[in-house]
Amino acid sequence: MRYWLFKSEPNKWSWDQQVARGEAGEEWDGIRNYQARNNMREMALGDRGFFYHSNIGKEIVGIVEVCALSHPDSTIEDARWDCVDVKAVRPFAVPVTLAQIKAAPALAEISLIRQSRLSVAPITEEEWGLVCAMGETDPS
DNA sequence: GCCAACGTTGGC
DNA sequence: GCCAACGTTGGC
């Protein structure tokens, strides 16, 4: 299993909206960046991801799971753009803020900081475990 | 509101 | 294929 980071502006698509979709999940649509798209094409069913609120909150608020493999983005008529579906797994007991992540030496190389504009990015297993611990949240 | 980072576009 | 111009993202 691999780990990923999904970023969303909460005034466009929030964790609460993701939770409301339940087991059905939701397309992670609207991605118009090749690197982000390529990351989604590499995802497998059951892969886990952090759900990060950008701009407002600037914190990791929950864990999602990939529940549909990469497929054409239904919001655009353009074969270039694919996306996966994700469903909420559990919220973070304590959200982990960007400031906390920046302050953690072991997270200096995390994609959230190193490629701050990339909205879908890989996370290492070590980073996954650390951030979950910081959020007092079950990493499984 | 500003600005750094960086991806995209289009002229050459 | 290069590079300047421009647009977008996202933190501050």
Side-chain angles (χ1 to χ4, degrees):
Chain A
M1 185 204 296
R2 296 178 68 185
Y3 301 99
W4 308 92
L5 170 74
F6 293 89
K7 295 201 296 191
S8 183
E9 294 182 43
N11 54 3
K12 291 181 182 161
W13 183 253
S14 70
W15 172 252
D16 285 345
Q17 287 172 286
Q18 184 68 56
V19 169
R21 296 291 295 131
E23 283 296 306
E26 180 78 11
E27 275 192 346
W28 200 262
D29 55 34
I31 300 300
R32 305 289 180 260
N33 171 284
Y34 291 109
Q35 212 179 336
R37 181 209 63 187
N38 291 344
N39 285 333
M40 289 197 287
R41 286 182 173 176
E42 286 186 30
M43 292 179 188
L45 289 176
D47 277 4
R48 294 294 168 105
F50 289 137
F51 192 110
Y52 175 78
H53 277 169
S54 61
N55 285 316
I56 302 165
K58 283 170 285 184
E59 57 193 8
I60 291 170
V61 291
I63 292 175
V64 292
E65 178 180 320
V66 176
C67 61
L69 293 175
S70 183
H71 58 79
D73 183 333
S74 71
T75 63
I76 190 171
E77 284 294 324
D78 187 330
R80 290 179 298 169
W81 303 120
D82 295 344
C83 63
V84 297
D85 292 8
V86 299
K87 65 179 183 183
V89 173
R90 73 178 65 87
F92 263 52
V94 183
V96 175
T97 66
L98 180 63
Q100 283 177 275
I101 290 166
K102 283 188 167 175
L107 296 174
E109 296 296 312
I110 198 168
S111 52
L112 179 65
I113 297 170
R114 276 197 33 206
Q115 285 181 282
S116 64
R117 291 182 52 214
L118 186 58
S119 56
V120 179
I123 293 286
T124 69
E125 194 171 356
E126 291 73 23
E127 290 162 350
W128 183 267
L130 226 117
V131 172
C132 288
M134 289 164 72
E136 298 171 26
T137 296
D138 178 1
S140 68

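So you know, we letter chains A, B, ... as the sequences are listed, proteins then strands, and number each from 1. Values below: all heavy atoms of this structure, side chains included; hydrogens, waters and symmetry mates excluded.
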Rounded off to whole Å, could you give me the CD1-to-C1' distance for the I56(A) and dC12(C) pair? 15 Å
F50(A) and ring pair (Phe, Tyr, Trp, His ring centres under 6.0 Å): which single residue from Y3(A), F6(A), W4(A), F92(A) fits? F92(A)
How many Å lie between CH2 on W13(A) and P on dT9(C), as a whole number? 19 Å
Could you see if I60(A) belongs to whatever hydrophobic cluster contains F51(A)? Use Ile, Leu, Val, Met, Phe, Trp, Tyr and a side-chain cutoff under 4.5 Å. no
How many whole angstroms separate atom CG of N39(A) from atom C1' of dG7(B)? 15 Å
Among the nucleotides dG10(C), dG7(B), dG11(C), which one has an atom lying closest to any side-chain atom of E9(A)? dG10(C)
Step by step, would you call R32(A) with D73(A) a salt bridge (Lys or Arg N to Asp or Glu O under 4.0 Å)? CA-CA 10 Å; R32(A) 305 289 180 260; D73(A) 183 333; 2.9 Å; yes
Any chance you could lay out the side-chain contact (heavy atoms from CB on, under 4.5 Å) test for D82(A) and M40(A), step after step, and finish with the verdict? CA-CA 8 Å; D82(A) 295 344; M40(A) 289 197 287; over 6 Å; no
Within the pair K58(A) and dG10(C), is there a side-chain N or O less than 4.0 Å away from OP1 or OP2? no
Measure CD1/I31(A) against P/dT8(B) and give the value in whole Å, please. 13 Å
Aromatic centroids of W15(A) and Y52(A) separated by under 6.0 Å: no
Measure from CG on N38(A) to C1' on dG7(B) and round the result to the nearest Å. 14 Å
Which nucleotides of nucleotides 1-6 of chain C have their base under 4.0 Å from a protein heavy atom (B), which only their sugar-phosphate (S), and which neither (-), written as one string 5' to 3'? ------
Checking S140(A) against D138(A) for the side-chain hydrogen bond (donor to acceptor under 3.5 Å, both in side chains) test, could you report, in this order, the C-alpha distance in whole Å, the side-chain angles of both residues, the deciding distance, and whether it holds? CA-CA 6 Å; S140(A) 68; D138(A) 178 1; 2.9 Å; yes
Figure out the CG/P separation between L112(A) and dG10(C), and round it to whole Å. 10 Å
Counting the atoms with a prime plus P, OP1 and OP2 as sugar-phosphate, which does L98(A) contact under 4.0 Å by heavy atoms, base, sugar-phosphate, or nothing? sugar-phosphate
Do any side-chain nitrogens or oxygens of K12(A) fall under 4.0 Å of OP1 or OP2 in dT9(C)? no
Atom CZ of R117(A) and atom P of dG10(C): how far apart are they, to the nearest Å? 8 Å
